[in-house]
Amino acid sequence: MIKTIKNMFIGLKKYSFLLKQLVVRDFKVKYKRSFLGVLWSLLYPVLTMSVMALVFTQVFKMSATGVNYLVYLMSGLVIFNYFSEATNLGMSSVVANFGLINKVYIPKYIFPLSKCIFVGINFLLTLIPLYAIILLTGTGINIYHLLLPFVVICLFLFVVGMAFFLSSIAVYLRDMFYIYGVLITLWMYMTPIMYDFSIIPEKYQILFKLNPLYWFIKFARDIILFKSIPVPSVWLYCSICAIVPLMIGIFVFRKTQDGFIYYV
Amino acid sequence: MNQDEMIKIEDVSMRFNLGIEKGFSLKQGFVDIFDAKKRKEKKERKKKNEFWALKDVDFTIKKGEVVGLIGSNGAGKSTLLKIVAGVMKPTKGKVLVGGNICPMIELGAGFDMDLTARENIYLNGAVMGYDKPFIDSKFNEIVEFSELDKFLDVPVKNFSSGMVARLAFSIATVVNPEILIVDEILSVGDLAFQAKSEGKMMEMINGGTTVLYVSHSLESIKKICDKVIWLDHGHVVKIGDIEVCNEYYRSITKNQEEVNEEVN
């Protein structure tokens, strides 16, 4: 396992320029011929989140006890959207690049990884509107915000692990594209993004806590909304939720990658 | 591996499963779990569907040798090239390669049609494993050789297929690799460019590059190769000098005559 990771890093160094090119390519292709260009990376999440905010505050009259609901909603949504978009793109990345995999030798993990980075940059851009809302609603920024990079890294590692896992499964089982579409919708409702976690009956809460995203979002909200350092157990769970899926993802990808070529 | 050996193929066999497209559905997989007889049948069917693209291929190529691969369609030539290039792993056997490879298996495999020629030079260069300073330094050479300086900022999707091939050939040959793998690509572009690309290849050959060359044109094989490997249905029929070409030619014409006689 350690050797695998070491080899991966050596390969990464050699192919870091390719990785960069793939990410740049995604940006160029995505915004080609659009008038606003990269500005859409900012505008799109703002607009979709505004719609959700409008629906949940005005129509469903949702609220979260003791905190600003808009910030509550946005902080969860930003994290979930990154997870959802990156894993979806990552899952199809190997299949989409079969033409290349079949012709030249490239380390195959570079495709899901490049997608996670590409969406990750978009995710960092969505933090701008998030912080705008934090300031505009009077929630304010505190010194503990400096701890947030920890959860961003955990989230990234988790997403990479998921993308590795899903992309290799999807090669063998194309049904995965549909299954995951359903799964991600379920996952969204199983994550306390738009509702307050306290409305979940106590006996079911354990089920929700098995969800890595629960811990990442909790970590972020503890800092942003409750202005406190997350308790040590939250740090621990965040780390576990990042490392374990990443290890599983690497393991599955490595075991299956030599067989990809037969399923082109 | 000795100092003067460049490519060593040891008892390489490559198996494909022809039934791979069919017997793969979740439903079938589920049914089979409970049905031992079916499972056995499936195993036998799998064996029947096996196809050996290469069987016990064993040879060594020395440094600086120009080796031609000949044989009818489906003889395993391209599979062999892909195995040497590292795109596929052989089912059995070992492949040792003693230098950096420039695989020209399919030109332009790494192109993104939505990007311009300029962007594709960087992307394709990265796919081949080069870094930015290197591509920067070779950029003018690539553009000059491809004669596409007027079209640098045009998306490649608007190129003619000859233009795409010219660009790809120029990128692929800008380095002096130790091993060059060529799969019938010298017929790209117009007559003038064909002559130019052939000249470039001869230049590389004279520079001491080891070449593995596939072509159906016995004329061009005779012209550039000093060793010929004749493959048929995955087996090596004969390895020798260009005289093997003539034997191969006689065997085809003999078969053709037999067919003609049967028809008559």
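All figures in this text were calculated on a predicted structure; none of them were measured in a lab.
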Over 12 foreign heavy atoms within 6.0 Å of OH, Tyr237(A)
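12 or below, so no.
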Chain A contacts, top residue of Met128(B), Lys132(B), Met88(B) (heavy-atom pairs, under 4.5 Å):
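Result: the option with the highest number of such pairs is Lys132(B).
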Looking at chain A, which one of Ile101(B), Val127(B), Leu81(B), Asp114(B) has the largest number of heavy-atom pairs inside 4.5 Å, strictly under?
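Winner by heavy-atom pair count: Val127(B).
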Mind checking which of residues 22-29 of chain A sit less than 4.5 Å from chain B, heavy atom to heavy atom?
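When heavy atoms of chain B are the reference, residues 22-29 of chain A contributes Leu22(A), Arg25(A), Lys28(A), Val29(A) within the under-4.5 Å range.
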Sort [X] into side chain, backbone, both or neither according to what part of it lies under 4.5 angstrom from a heavy atom of chain A.
{"X": "Lys89(B)", "value": "both"}
{"X": "Ile135(B)", "value": "side chain"}
{"X": "Met113(B)", "value": "neither"}
{"X": "Tyr130(B)", "value": "backbone"}

Looking only at heavy atoms, what is the nearest atom pair of Phe193(B) and Ser170(B), with distance?
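Scanning both residues completely, I find the closest heavy atoms to be CZ-OG, 4.3 Å.
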With sequence neighbours excluded, what pairs up with Lys20(A) under the salt bridge (charged side-chain N to carboxylate O under 4.0 Å, His left out) test?
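So Lys20(A) forms no salt bridge (charged side-chain N to carboxylate O under 4.0 Å, His left out) with any residue.
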Below 4.5 Å, heavy atoms only, C-beta onward: do Asp112(B) and Asn120(B) meet side chain to side chain?
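The answer is yes; the side chains approach within 4.5 Å.
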Taking atom CG of Leu246(A) and atom CD1 of Ile250(A), what is their separation to the nearest 0.5 Å?
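The CD1 atom of Ile250(A) is 4.0 Å from CG of Leu246(A), to the nearest 0.5 Å.
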Proximal component of Ile110(A), with respect to chain B [non-hydrogen, under 4.5 Å]
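Neither the backbone nor the side chain of Ile110(A) comes within 4.5 Å of chain B.
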When you measure from the centre of the six-membered ring of Phe145(B), is the NZ or CZ of Lys200(B) under 6.0 Å away and within 45° of the axis?
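Judged by the rule, Lys200(B) and Phe145(B) form a cation-pi pair.
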Please set out all donor-acceptor pairs under 3.5 angstrom arising from side-chain atoms of residues 181-193 of chain A, sequence neighbours excluded.
residue   : atom : partner   : partner atom : Å
Thr185(A) : OG1  : Gly181(A) : O            : 2.9
Trp187(A) : NE1  : Asn211(A) : OD1          : 2.9
Thr191(A) : OG1  : Trp187(A) : O            : 2.7
Thr191(A) : OG1  : Asn211(A) : ND2          : 2.9

Report all side-chain donor-acceptor pairs from residues 76-83 of chain A shorter than 3.5 Å, counting only partners two or more places apart or in another chain.
residue  : atom : partner   : partner atom : Å
Tyr82(A) : OH   : Cys116(A) : O            : 3.0

Any chance the side chains of Asn102(A) and Lys82(B) put a donor and an acceptor closer than 3.5 Å?
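Side chains of Asn102(A) and Lys82(B): pair found under 3.5 Å.
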